[in-house]
Amino acid sequence: MTEAADAEISPREAEVLGLVGDHLSNAEIAARLCISIRTVESHVSSLLRKLEVPDRRALARRAPVRGGASPDRAAAVLPAPLTSFIGRARERSELAALLKEHRQVTAVGPGGVGKTRLALAVAADAAGAYPDGVWFADLVPVTDPGMIAAAVAGALGLGEQPGRDLAESVAAALADRDALVVLDNCEHVLDGVAPFLERLLATCPRLTVLATSRARLMVPFERVYPVPPLSLDAGGDSDAVALFMERAAAVGRPLDAALRGQIAAVCARLDGMALAIELAAARCPTLGLDGITAALSHPLRMLTGGSRADERHRSVRAALDWSHALLEPADRALLRRVSVFAAPFTVAAAAEVAGVEDGLAADGLARLAEQSLLVVAAAPDGTEYRALETIRQYAAERLAEAGEPDEVRSRHLRWCLARAAGLEVARPDWRARFDQVADDLRAALAWAAEQPERRADAFGLARRLAELAFTRNLTGESQRRFEQAAALAAGPAESAAMLRQAAAVAGCRAAGDDMYRLRLAAASAARDAGDAAGAAVDLATAATMAFRYWATFVRIPPRDEALALLTDARKAAAGDRTTQASGHPAIQATPAGCDAAASAAVALAEAAVVADAFGAVQGPADNVAVPETIARAERAVELAARTGDPLAESAALDALTCAHIWAGDTFAAAARSRRRVTLLSSLPPSPAVTHELIDALGMVTEATLGAGDMPDACRWARQLDGHPSLAEVGHRAPLMVDALAGNVEEVLAGSVRLLDAWRRAGSPARAHLGPAVAAVAMVHGLRDDHDAQRGWREILDRLDVSAERAHGYAAVFDGMLLLHRGQARDALERMAPEASEVWKWVSWIWHHWYVALRAEAVVLTGDPDARRHVAEARAAVAGNPVAEALVARAAAVLDGDRDALLATADAFDAAGCPYQSARTLLLAGGEHAGRGTAAFAALGLAPKAVSLW
């Protein structure tokens with residue numbers, strides 16, 4: 001009986017646990033089980049509690065491992081071979097010993113010697129020695145060295161992390177893991193494998209890598225193991241003979257043991273090369289041993305001279321030549337033409353690319369599979385075929401010799417364009433369908449991009465692949481493909497459009513430097529196209545980005561740089577007519593008659609850069625010019641509305657929202673943020689829409705929370721949490737809402753994803769995560785889980801040491817916890833400054849919460865000036881139902897009015913704040929305390945004896 005069974009987990013939880021053990025992400029588990037990601041999070045959170053483990057990694061070790069392995073070990077994620085592994089006892093032992101002593105071992109040898117099968121066997125044998133798992137990454141389909149990290153991330157089940165490329169995500173995920181990664185077939189992408197692997201080994205001290213390649217990788221820590229041919233030393237009892245007999249029996253009938261000597265002679269002619277032996281054995285039912293011996297004699301006579309390794313490589317070629325010569329001409333043509341496929345293919349695909357009828361393709365593929373020249377496997381959409389890499393390369397050479405590459409690759413390109421165009425993202429199975437063809441789309445694009453006459457097709461495929469990759473949440477690839485499309489565009493106008501798309505994807509990745517660079521490149525392309533207005537928009541947008549998204553930059557553009565861009569944008573918008581040369585321009589400095597979009601973009605940049613609407617780090621420490629900020633932002637909104645572009649209007653409304661925040665107008669900020677979501681919610685998805693919508697949903701969640709509209713805040717939080725682009729990483733805002741409301745289960749479930757995403761991102765010091773982490777720490781404090789609270793506070797210390805934490809969100813969460821524990825004096829000390837003294841740090845969503853909680857602390861400490869504080873607080877929070885109830889409760893305590901106190905419990909319930917309702921009942925005491933204790937227990941919290949009556 002496993003620990004999982006002892007914990008009485010539900011059948012659905014058992015399914016989730018098994019998939020966690022298989023190292024699937026929450027998004028992948030949701031797709032596999034046809035449930036929501038949020039439901040997966042809830043199951044994972046429940047499992048963490050039931051099995052009493054600290055994190056997802058420890059949870060994976062508790063999963064039942066298929067095949068009876070120890071439940072304390074992670075499962076080995078290795079492909080299942082279709083045929084048995086024969087012999088190689090000595091090689092398995094030697095390679096396994098090297099893996100124990102060296103962090104990176106490369107099994108090298110010529111094609112067909114059996115490197116992959118040996119590596120898989122050794123990895124399976126060694127799986128028990130790697131408690132954090134064994135993974136296999138096949139690099140055969142990879143045609144771009146820049147996609148190495150994507151292939152490995154796919155093997156690990158990793159999604160992309162905003163602000164980090166996939167190489168960083170892989171390194172972060174494996175940083176502290178005692179794991180084995182098998183990289184198969186590295187030789188054709190050595191330029192990408194070597195730097196990726198060097199970086200990985202340098203940052204993951206407990207990671208072991210087993211690679212297979214025809215050439216060594218030339219990286220630090222590498223130990224090379226030359227894979228020898230199959231043993232011939234034992235004659236009729238050798239590994240080579242055993243392999244021949246087993247494979248021949250699989251396609252015909254068992255061979256007589258008396259033939260072992262003759263078989264040994266055949267294997268010797270083939271130099272013990274595994275692939276050559278398998279090809280020969282496949283012919284045994286039709287040719288017999290005599291026919292095989294006769295057929296092999298002639299070509300092998302020509303194999304003289306050169307090194308032993310070269311002879312072995314040529315022996316495989318000789319076997320392939322021989323097997324190829326025995327094919328009918330139509331089957332030869334089919335074999336060489338399907339070599340253009342990078343991934344498994346169907347009969348219909350082969351027929352289209354080979355230029356034959358479906359029936360002929362089906363018959364030909366079956367014959368090629370019978371001769372072991374193709375591997376056949378069942379797939380959800382039917383039978384699929386693929387060629388082993390050595391055979392595929394051989395067939396590709398034959399394709400070149402036949403003078404057919406351009407013709408066949410052109411058909412393959414047309415097939416890829418049709419597949420890409422036909423992928424309907426609305427279909428529930430589109431993700432799997434994209435994954436099936438993605439490698440072929442990439443391979444076709446790589447070929448077409450090098451053919452001048454195919455430039456238009458290459459541009460179209462790059463653009464479509466960029467769109468598909470974005471929807472698939474492969475945002476790093478999407479950005480690269482849009483940039484590739486820009487380079488392939490027929491003219492600078494198309495190039496500018498693609499660069500803007502790339503910039504939007506970079507925004508979704510939280511890659512501020514790329515976003516900025518690409519917008520500037522778009523401005524340059526727009527100028528080349530003679531589009532001055534477009535260039536003005538790009539320049540102004542880049543200036544705005546420097547301030548609006550400053551937290552996503554590595555190199556934060558200084559204010560002077562942004563001002564220079566703004567000046568250039570004004571000139572471009574005015575057709576290079578001179579504008580005000582010095583000093584801050586007037587609000588309406590943009591010349592009349594400018595393009596509407598350019599005017600709006602310039603106005604927004606002025607609000608961002610000149611008036612610091614977004615409170616950027618480049619701005620002044622104290623933005624005292626709030627009226628000017630509001631005026632500039634209102635002007636930006638007015639001009640953006642004239643363009644009819646919801647994205648432009650949303651960006652301007654964001655500036656106005658922030659301006660209202662600095663002014664302390666919480667309700668205006670919430671109203672503007674709601675307007676943004678209304679504008680965006682009906683737009684079709686695109687990178688730019690997604691980037692703006694995620695920002696808007698985050699803003700409206702936080703702004704409505706600041707206004708005390710808990711039902712709306714929860715609604716927006718759920719919409720944000722369910723957005724596909726956040727499937728892996730989540731968002732901080734829902735945790736803050738649920739923590740303040742008292743939705744403990746939601747906080748615990750969301751914290752699992754937050755912690756997992758943060759660790760996989762390399763545990764970066766990102767201050768914007770601070771409020772969510774503080775919220776989780778508070779909830780654990782409310783539950784009296786001191787160890788968990790301490791752990792989350794340690795994370796908070798790594799994330800943020802700023803004034804925003806000290807005087808803003810952390811003061812609110814700390815104060816709320818201290819009041820819960822009956823430590824009113826400590827709470828007041830934590831919130832000692834008046835709100836007006838720290839206005840910039842508490843005027844965001846924390847302003848009303850800070851004022852109301854501080855008023856309660858003042859009352860509970862018996863401050864003689866408490867009545868004045870309560871009156872001022874009541875005026876400050878008027879219109880905020882939660883804050884009003886908090887202040888009313890403080891006033892009831894001050895007046896000793898139990899009825900008024902109990903009335904606030906109803907107010908909290910109506911406002912969607914069950915935690916404060918339960919706390920009110922405890923404060924009321926008497927028969928109400930029991931109800932309060934039960935309410936706290938239902939929330940999963942630990943009540944405190946804080947009754948005032």
Side-chain angles (χ1 to χ4, degrees), residues 81-84 86 111-112 114 117 229-230 232 236 238-303 314-339 347 350 354 356 359-377 383-388 390-392 394-395 398:
L82 298 176
T83 56
S84 59
I86 303 297
R117 291 301 303 272
L230 288 167
L232 297 165
S238 66
D239 288 348
V241 170
L243 176 64
F244 188 102
M245 295 187 70
E246 198 277 341
R247 298 297 189 259
V251 295
R253 64 174 182 269
L255 298 177
D256 194 317
L259 297 174
R260 285 179 176 272
Q262 191 175 352
I263 295 171
V266 170
C267 293
R269 288 181 179 275
L270 296 173
D271 286 322
M273 297 296 281
L275 176 59
I277 290 171
E278 296 206 20
L279 290 173
R283 290 288 183 178
C284 200
T286 55
L287 293 180
L289 282 177
D290 292 342
I292 292 173
T293 301
L296 288 175
S297 295
H298 176 68
L300 288 178
R301 288 197 202 104
M302 298 184 295
L303 300 179
R314 286 200 298 271
S315 69
V316 174
R317 179 174 294 279
L320 286 168
D321 284 339
W322 162 71
S323 189
H324 184 264
L326 295 174
L327 297 174
E328 294 295 327
D331 291 348
R332 294 180 201 166
L334 183 60
L335 178 64
R336 65 178 179 259
R337 291 171 185 172
V338 298
S339 69
V347 169
V356 298
L360 295 176
D363 289 343
L365 293 174
R367 287 190 293 271
L368 293 172
E370 288 170 0
Q371 305 308 321
S372 295
L373 292 167
L374 293 178
V375 176
V376 60
T383 303
E384 288 184 341
Y385 298 84
R386 68 178 178 88
L388 296 176
T390 300
I391 295 174
R392 193 190 68 79
Y394 174 87
R398 288 294 190 178

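- The backbone N or O of Met273 sits nowhere less than 3.5 Å from a side-chain atom of Asp271 that would complete a donor-acceptor pair.
- The side-chain heavy atoms of Ser323 and Leu326, taken from C-beta on, include no pair separated by under 4.5 Å.
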Verdict with reasoning, Arg260 to Met245, per side chain to side chain contact (heavy atoms under 4.5 Å, CB included): CA-CA 8 Å; Arg260 285 179 176 272; Met245 295 187 70; 3.6 Å; yes

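- The side chain to side chain contact (heavy atoms under 4.5 Å, CB included) test with Leu388 singles out one residue from Leu373, Val375, Leu374, and that residue is Val375.
- Side-chain contact of Asp331 with Gln371: a donor-acceptor pair under 3.5 Å is absent, judged by distance alone.
- Inter-residue side-chain proximity for Cys267 and Leu232 is flagged as met; some heavy-atom pair is nearer than 4.5 Å.
- Of all non-hydrogen atoms in Ile292 and Ala280, the two that sit nearest each other are CD1-O, 3.3 Å.
- Inter-residue side-chain proximity for Tyr385 and Val347 is flagged as met; some heavy-atom pair is nearer than 4.5 Å.
- Nearest heavy-atom pair, Ile277 versus Ala240, reported as atom, atom and distance to 0.1 Å: CD1-CB, 3.7 Å.
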Worked check of side chain to side chain contact (heavy atoms under 4.5 Å, CB included) between Leu230 and Ser238: CA-CA 8 Å; Leu230 288 167; Ser238 66; over 6 Å; no

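- With hydrogens and angles ignored, the 3.5 Å screen pairs a side-chain donor or acceptor of Arg332 with a backbone N or O of His324.
- The two residues Arg337 and Ala354 make their nearest non-hydrogen contact at NH1-O, 3.0 Å.
- Taking CD of Gln262 as the start and CG of Asp256 as the end, the distance is 11.0 Å to the nearest 0.5 Å.
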Derivation and outcome, side chain to side chain contact (heavy atoms under 4.5 Å, CB included), residues Leu289 and Phe244: CA-CA 11 Å; Leu289 282 177; Phe244 188 102; 3.8 Å; yes

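- A salt bridge links Asp321 with Arg398: the closest approach of a Lys/Arg side-chain nitrogen to an acidic carboxylate oxygen falls below 4.0 angstrom.
- Side-chain contact of Arg117 with Thr83: a donor-acceptor pair under 3.5 Å is present, judged by distance alone.
- With a 4.5 Å cut-off on side-chain heavy atoms, Tyr394 and Arg336 do not count as touching.
- The two atoms that bring Val251 and Ala281 nearest to each other are CG2-O, 3.9 Å, heavy atoms only.
- Two residues are said to be in side-chain contact when any heavy atoms from C-beta on lie closer than 4.5 Å; Ile86 and Arg247 meet this criterion.
- Side-chain atoms of Glu384 and Val376, non-hydrogen and from C-beta on, never get closer than 4.5 Å to each other.
- One distance of note links CD1 of Ile391 with CG of Leu335; it measures 7.5 Å at 0.5 Å rounding.
- Between Leu334 and Arg367, the closest side-chain pair of non-hydrogen atoms is not below 4.5 Å.
- Taking every heavy atom of both residues into account, Ser339 and Ala395 meet most closely at CB-CB, 3.7 Å.
- A 4.5 Å side-chain heavy-atom check between Leu327 and Leu368 finds at least one atom pair inside the cut-off.
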